[in-house]
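One-based numbering along the sequence shown.
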Amino acid sequence: MSENVVHLHKHTEPPPADTPAVTTLTVVPDAAPARPVPLWVRSGRAVRTAVTHERTRVAGRAVVRHGLYTVNGGRIAARRAWDGRTGSRYERMIRAAEAAGNLEAAQEWEERLQRFRAARHHRRMDLLHSPVDAAKGVAVGAGMSVGVLVALGVALAISTGNAGDVVTPLSATIDFIALLIRIVQIVWGPLLTVGPLLALLALWSVGRKQHAAPQWALPANIRTGEGEPITPSIVVKALRDLGIPALARAIKEMGDAGASMLGPITIAGCGVEVDVTLPSGVSTNEVQGKRRKLAENLTRHEHEVFITIPQAARTVRLWVADSGALDEPIGPSPLVTDETMTADYAKGKAPWGQDLRGDAAALSLYQRHLLITGLSNQGKTVALRSLALWLSLDRSVQFLMGDLKGVGDWAMFDGLATTLIQGPTDEHVIQVTEMVEGAVVEMNRRIQAPPGTTFPPLIVLVDEAQVAFMCPAKDEEKRPYGGAKADSRYFMAVRKIHNQGRAVNVLMWQGTQDPTNENLPKLVREGAHTRASLALGTESQARMALGDKAVDGGAAPNLLRPGLDRGTLVVASDGISIPAGQSSITVRTHYIDDDNAKAITDRAKALRDGVTTLHAIDRSEEHDALADIAAVIGDAPRVRTKDVLARLATRNADAYGGWSFLDLKRVLDDAGASPYKSDGVMCVARDRVARALTNREENGSASAE
């Protein structure tokens, strides 16, 4: 067995070449153990973790918040007491009115201060005599009380025959007083202990209601402003931070920090409303132009704040919605829920929707031309159709309808409207133009009637009217159907109805989208008495839709949200109740779908004798008068002669527009279907006309044989 020798000293000479290599293993010692973390470091880390933990922060904010509620509640209560005992409140109001430049208000507050001081002096002078008067009152009261008790005791003694009962009422009263003293002695100790706690609780309650704590200490929902109630301080702060230097300076100079600018904050529907009297040097349009910033300062979205100009000078009216309230749908239309509802064209109002206050918004349609516009797919047709649906429940109303979209939105009026043209082509525009021109002929006939003659309302309704204005087609005389010039047939027909139709109950209703000067000429849009607009893209379009006066007064359909505010209209009309001093009102219209609309028109058809709806205008030169009379009578057993004349003129204005009663009577007499009186009114019988047509066909067949 050989042994391996390990040399412990280093060889100075290299080993021979033939010496085998020796492998040296290096032993690495274990790492030194880590030094223990000092206790003070670990304690510091634990303390930092505990202090910065969210629960600790919440608890800390709660402690600070409730402590400051009590402290600031005491400060608020002290200030209220001081204001009640001194004239400081009046002095603040005087300084605020002077800073706002309202000298009349300053003078009024000064007079109130003088009256307050005079009344206070009178009370203090009365205190000089009050001790003597109080002593006299106590003496008289005590004497009367003793006398009454003695008299009661005498009556009791006489009743019982016992003389000792004379003092029984007095002794009972004394015992009762002693009991009260005993109760006070028992309660007095705990009351001294609990009383201060109750006082602190009352001060805490005052501070809590006023949110009298720093923003960082308030709860998250209040600190972030989500659903934050609108208070005077919030409104003033929002106005101060608008970035209007004159307004900010005036608020800082006011002794009450701007509170005198505000009127009462009142609940108005799903929000609140407040009038703000601006200080001198600040114009109302400056505040209107800062709507978005004002809304954000009030922790609201832009569409949740509306700024209007009331009648009072240098005043803006703010309506601030509750957070998210405008995104909630309104209820169904009364036309859907009330199957017994009827309409009255002259005296009634159409239930259209709700205003921002949540009150019912109803529109009078009596002798008012109507224009509704907005961007595409915002609810224009539904809003226009709901008015026509209500008016259809008045059996005297006649409709001429042109739907230049042609997707069936108005199909339920088939059998209700005298004429219903549906389609977007140039041929449909030509038909609609001739329909409107026929209404002009009827209007002229009515105008030539004897004074005092009344006429049934005739509604000429054209939906998607921009298609007609933009139509490039021309007639045989090279006159364009579209356009906005004097030779434009549709434009001129609408203008004529706007000029004179109202007086004889011939009214023009139009619905358009995305208005421009080309597809909605100035003279046409300004001829409408009721102008309403859904969401639009620009302020210039809003001025086209509603007019400069409404937009300058705060109307802003261009600030409605396309898609989200579908069915919300800004209306400028004297036919709807608008708050005093405002030029427009915002209405959230009821949505009536096609099925419900058909149900309403079925009810309307049941009220009528039957209407034969024309789907095209007959432009042929040869006409069968007797057949046309039978067609316009429809299924009704009899129709008044003046209604027959009106329907004939609508059916073919060129052939029958100039007809009088004598012309109608001549044709009927020749056919053996003469008109007759029913209830004092000249009528045409359907059976007589049908019999005359049958006889004519039989006679024609016999002659042919």
Side-chain angles (χ1 to χ4, degrees), residues 244 275-276 278 282-295 302-303 305-319 355-356 361 363-364 368-375 378 380 383-384 465-466 469 484-485 491 494-495 497-499 502 508-562 565 568-587:
I244 303 175
D275 284 353
V276 180
L278 301 176
V282 182
S283 62
T284 55
N285 61 351
E286 288 182 280
V287 177
Q288 278 186 306
K290 300 278 189 176
R291 176 180 170 182
R292 171 173 293 183
K293 191 169 186 179
L294 177 61
E302 184 178 9
H303 71 277
V305 174
F306 289 80
I307 306 174
T308 54
I309 310 299
Q311 288 180 338
R314 220 171 62 237
T315 301
V316 294
R317 178 168 295 161
L318 306 181
W319 185 88
D355 61 15
L356 296 178
L363 179 67
S364 172
R368 289 178 175 88
H369 302 303
L370 176 66
L371 172 66
I372 298 180
T373 187
L375 297 177
Q378 297 304 309
K380 167 183 55 62
L384 183 62
Q466 76 279 356
F469 285 113
K485 296 183 179 179
F491 170 76
V494 173
R495 286 291 299 143
I497 295 178
H498 278 176
N499 290 339
R502 177 176 177 272
M508 191 74 208
W509 290 10
Q510 294 184 98
T512 70
Q513 62 175 259
D514 202 8
T516 64
N517 286 322
E518 288 73 26
N519 63 26
L520 187 59
K522 177 180 173 63
L523 293 178
V524 170
R525 60 183 186 246
E526 292 185 349
H529 303 101
T530 296
R531 300 166 70 173
S533 176
L534 295 110
L536 288 173
T538 64
E539 182 179 331
S540 61
Q541 286 184 315
R543 293 183 181 276
M544 291 180 191
L546 301 177
D548 292 336
K549 179 180 179 182
V551 174
D552 292 339
N558 53 300
L559 297 181
L560 295 175
R561 302 166 297 169
D565 290 326
T568 300
L569 287 162
V570 181
V571 185
S573 172
D574 60 351
I576 193 170
S577 298
I578 297 178
Q582 296 182 199
S583 56
S584 65
I585 186 172
T586 301
V587 176

**Student:** Checking Arg531 side chain against Arg525 main chain: does a donor-acceptor pair fall under 3.5 Å?
**Tutor:**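 Confirmed, Arg531 side chain pairs with Arg525 backbone.
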
**Student:** In the structure I gave you, are the side-chain heavy atoms of Asp355 and Ile576 within less than 4.5 Å of one another anywhere?
**Tutor:**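 Result no, sub-4.5 Å side-chain heavy-atom pair not found.
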
**Student:** Could you check Ile372, Leu375, Leu560, Thr373 and say which one makes a side-chain contact (heavy atoms from CB on, under 4.5 Å) with Leu534?
**Tutor:**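 Looking at Ile372, Leu375, Leu560, Thr373, the match for Leu534 under the side-chain contact (heavy atoms from CB on, under 4.5 Å) is Ile372.
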
**Student:** Look at the aromatic rings of His529 and His369 and report parallel, tilted or perpendicular, splitting at 30° and 60°.
**Tutor:** parallel

**Student:** Do you know which of Thr315, Leu278, Val276, Ile307 makes side-chain contact (heavy atoms from CB on, under 4.5 Å) with Thr284?
**Tutor:**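 Testing each of Thr315, Leu278, Val276, Ile307 against Thr284, the sole residue satisfying side-chain contact (heavy atoms from CB on, under 4.5 Å) is Leu278.
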
**Student:** Out of curiosity, Lys380 NZ to Thr512 OG1, how far, rounded to the nearest 0.5 Å?
**Tutor:** 7.0 Å

**Student:** Quick check: do Leu523 and His498 have side-chain heavy atoms less than 4.5 Å from each other?
**Tutor:** no

**Student:** Rounded to the nearest 0.5 Å, how far does CG of Leu520 lie from CD of Gln513?
**Tutor:** 11.5 Å

**Student:** Only distances under 3.5 Å count here; give the side-chain donor-acceptor pairs of residues 543-558 to other protein atoms, sequence neighbours excluded, each with its distance to 0.1 Å.
**Tutor:**
unit_1	atom_1	unit_2	atom_2	d
Arg543	NE	Glu539	OE2	3.3
Arg543	NH1	Asp548	OD1	3.3
Arg543	NH1	Asp552	OD1	3.1
Arg543	NH2	Glu539	OE2	2.9
Arg543	NH2	Asp552	OD1	3.0

**Student:** Could you check if a side-chain atom of Thr516 sits within less than 4.5 angstrom of a side-chain atom of Gln466, using non-hydrogen atoms only?
**Tutor:** no

**Student:** Atom CD1 in Ile585, atom OG in Ser577: separation rounded to 0.5 Å?
**Tutor:** 7.5 Å

**Student:** Would you kindly check if the NZ (Lys) or CZ (Arg) of Arg317 is within the cone defined by 45 degrees around the ring axis of Phe306 and under 6.0 Å from the six-membered ring centre?
**Tutor:**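 Here Arg317 fails the 6.0 Å and 45° test against Phe306.
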
**Student:** Could you tell me if Gln541 and Asp514 have a donor-acceptor pair between their side chains, going purely by distance under 3.5 Å?
**Tutor:** yes

**Student:** Trp319 versus Thr308: any side-chain heavy-atom pair under 4.5 Å?
**Tutor:** no

